[in-house]
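The block underneath contains the structure these notes are about, expressed in structure tokens.
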2 protein chains.
Amino acid sequence: MSAPGLRERKKQRTRDALIKVALELFTTQGYERTTVDEIAEAVEVSQRTFFRYFASKEEVAFALQRIVEEEFVRALAARPPEEGPFDAMRNAVLASWDGVGDAIHEVVPVELYLRNFLMIESTPALLAAHLRRSSEMEETVARLVARREGLDVDADPRPRIAVAAFCGVMRVTGQMWGKGTDRTLEAIRALTERYLDHLGPALSLHWREPGTRD
Amino acid sequence: MSAPGLRERKKQRTRDALIKVALELFTTQGYERTTVDEIAEAVEVSQRTFFRYFASKEEVAFALQRIVEEEFVRALAARPPEEGPFDAMRNAVLASWDGVGDAIHEVVPVELYLRNFLMIESTPALLAAHLRRSSEMEETVARLVARREGLDVDADPRPRIAVAAFCGVMRVTGQMWGKGTDRTLEAIRALTERYLDHLGPALSLHWREPGTRD
DNA sequence: TTGTCAATTGTCAGTGACTGTCACTAGCCT
DNA sequence: AGGCTAGTGACAGTCACTGACAATTGACAA
């Protein structure tokens, strides 16, 4: 268990190096302007080896994102069963924002993760991939929520519907965070809470009179 | 106005032929297994010419989708201002499903459009592109909704939030329609209504007891 | 009608992501 | 020590896409 062997350790080091170098290059020069050859050369492996570690150039850009997503799923699964689905998802997101630092920190500084996230949102090809990954995530989450509530996802559409609405708001949150000026973890945490609070009221018809302002 | 000239007509014919041939090949052999060279050859133009009509192989796969999206935006803009944002979006979707036949029919049979939609949903690369397109669409719709309600999208997050939730549900609808057996326009229309009815209740916490079944 | 202009197209060469193959090297295990 | 095998590099090939330039062909005026 504690002795991974030289071979394993070497692989892990290569993998981490590829991620680190790739993200560094992506965030400084831009994703499109960075070639796989360039990354491979910087780590001193062949291009072919890069593609043995990552199925595509895209995949390496999502290496950190994957960690965060897993963190969220773990957090959701850990929520007490008394919580309704919405509170559970909401609290899981907030909890995973808190835990993100530790989870990422072992590979790269958190700041690089945030820059990486901004890059994903602003690069069309990566945004597309991100959204597809998110939709796979939605499926996972819907199943989790259904299980919590003792429902069958394939017979009852409500879990998927609720999750879709929830994730839609989360996506807007990420977007708005990227557009803003306060690019800190605290900022995105605060936005998450604020936007989710708007979801219920936003469904009602009468926006003009009362209006939860801002 | 009525005389587009030989040059224009020729271009239009080439464009239509490329779309038709491409969709036919995509839906029979699959998107990935169809090369651009193959499409170009079938229409008897050079590969270079294909790329003068479509910026990418993906783009031609979304040619019909674009028409439908425009139809929806038109329908939404045409909704009476008394309708609340949700009713307006809901009715616009339903109306555009009704109008889709006419809009598409001029290029290809509707059945090909439906097959094409299924192909998009089941091809990872196209699904990703589809979701990105959808997110651009969300932005457009959010602005439209905000205008209807006399709000500023950049100051008030509610339009975007509402639209995100709505579009999330619409995406689930499309997905579930694809998984089902009744692949008709009527079926997707019915699903649209049913799923949207679930959105409000799905946000509340108590799913187990009352439960709008199915 | 004819000649000129400009739009459209084909050809060619090149880049970059990705894949299959095969020989080779280096940890691992007995 | 020596065989086994995972991991790697080198090489060739496919496919999407782009820039440059030359050839073609409608459009339109003289």
Side-chain angles (χ1 to χ4, degrees), chain A residues 1-19 21-23 25-26 29-63 119-120 123-130 132, chain B residues 1-19 21-23 25-26 29-63 119-120 123-130 132:
Chain A
M1 201 77 240
S2 56
L6 176 55
R7 213 175 232 169
E8 271 314 306
R9 270 180 291 145
K10 215 170 179 178
K11 267 202 323 187
Q12 194 56 50
R13 243 184 298 138
T14 306
R15 196 187 142 82
D16 286 352
L18 284 171
I19 294 175
V21 167
L23 297 192
L25 288 172
F26 288 165
Q29 319 179 342
Y31 177 75
E32 321 267 15
R33 276 183 302 281
T34 305
T35 68
V36 172
D37 287 318
E38 211 171 341
I39 300 166
E41 196 173 5
V43 183
E44 294 184 293
V45 295
S46 68
Q47 192 217 48
R48 194 68 186 84
T49 292
F50 174 94
F51 283 112
R52 288 201 180 94
Y53 280 89
F54 303 97
S56 65
K57 183 181 165 188
E58 269 172 29
E59 197 176 300
V60 67
F62 289 101
M119 179 201 66
I120 290 174
T123 306
L126 291 181
L127 177 57
H130 178 58
R132 198 197 56 202
Chain B
M1 201 76 241
S2 57
L6 175 56
R7 211 171 230 171
E8 273 313 305
R9 271 179 290 144
K10 215 169 177 178
K11 266 201 329 188
Q12 195 56 50
R13 244 185 296 138
T14 305
R15 195 188 144 82
D16 287 351
L18 284 171
I19 294 174
V21 166
L23 298 192
L25 289 172
F26 289 167
Q29 320 179 339
Y31 177 76
E32 321 268 15
R33 277 184 301 283
T34 304
T35 67
V36 172
D37 286 318
E38 212 172 339
I39 300 167
E41 195 174 4
V43 182
E44 293 184 290
V45 296
S46 68
Q47 192 218 49
R48 196 66 185 82
T49 293
F50 174 94
F51 283 111
R52 287 202 180 95
Y53 280 90
F54 303 97
S56 66
K57 183 181 165 189
E58 269 171 28
E59 196 176 301
V60 66
F62 288 101
M119 178 200 69
I120 291 173
T123 306
L126 291 181
L127 178 57
H130 178 58
R132 198 197 57 202

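Note: hydrogens, waters and symmetry copies are ignored here, and every other heavy atom, side chains too, is used. Naming convention: chains lettered A, B, ... in sequence-line order (proteins, then strands); numbering from 1 in each chain.
B/Ala125 approaches B/Glu58 most closely through the heavy-atom pair O-OE2, 4.2 Å.
One can place CZ of B/Arg33 at 15 Å from C1' of D/dC15, the figure rounded to the nearest angstrom. In this structure, CD of B/Glu59 is placed 15 Å from C1' of D/dT18, rounded to the nearest angstrom. Between the P atom of C/dA17 and the CZ atom of A/Phe51 lies a distance of 7 Å, rounded to the nearest Å. Distance, A/Glu58 CD to D/dA16 P: 16 Å, rounded to whole Å. Whole-Å rounding puts the B/Glu8 CD to C/dA6 P distance at 17 Å. For the pair B/Phe26 CZ and D/dC15 P, the computed distance is 14 Å after rounding to whole Å. For the pair B/Tyr31 OH and D/dC15 P, the interatomic distance rounds to 14 Å; values are reported in whole Å. If you take CG of B/Leu126 and P of D/dA16, they are 12 Å apart, rounded to a whole angstrom.
When the nucleotides D/dA16, D/dA10, D/dA20 are ranked by their closest atom to the side chain of A/Arg52, D/dA10 comes out on top.
Distances shown here put every side-chain N or O of B/Thr35 at or beyond 4.0 Å from the OP1 or OP2 atom of D/dC15. Between B/Lys11 and C/dT8, a side-chain N or O to OP1/OP2 separation shorter than 4.0 Å is present. Between A/Lys10 and the phosphate of C/dG27, there is a side-chain N or O to OP1/OP2 separation shorter than 4.0 Å. Between D/dG7 and A/Tyr53, no contact under 4.0 Å exists linking OP1 or OP2 to a side-chain N or O.
Ranked by how close their nearest DNA chain D nucleotide is to the 5' end, A/Thr49 and B/Glu32 are led by A/Thr49. Ranked by how close their nearest DNA chain C nucleotide is to the 5' end, A/Arg48 and B/Arg7 are led by B/Arg7.
Side-chain contact between B/Leu126 and B/Phe62: present, with at least one pair of heavy atoms (C-beta onward) separated by less than 4.5 Å. Between A/Thr49 and A/Leu18, the closest side-chain pair of non-hydrogen atoms is not below 4.5 Å. Side-chain contact between A/Val36 and A/Val60 is absent, with no heavy atoms from C-beta onward closer than 4.5 Å.
Checked by atom type and distance alone, the side chain of B/Tyr31 never pairs as donor or acceptor with a backbone atom of B/Leu23 at under 3.5 Å.
Side-chain N/O atoms of A/Glu38 and A/Gln29 include a donor and acceptor closer than 3.5 Å.
Within a 6.0 Å radius of CD in B/Glu59, other residues, nucleotides and ligands contribute more than 12 heavy atoms.
A heavy atom lying under 4.0 Å from DNA chain D marks the following residues of residues 36-47 of chain A, by number: A/Glu44, A/Val45, A/Ser46.
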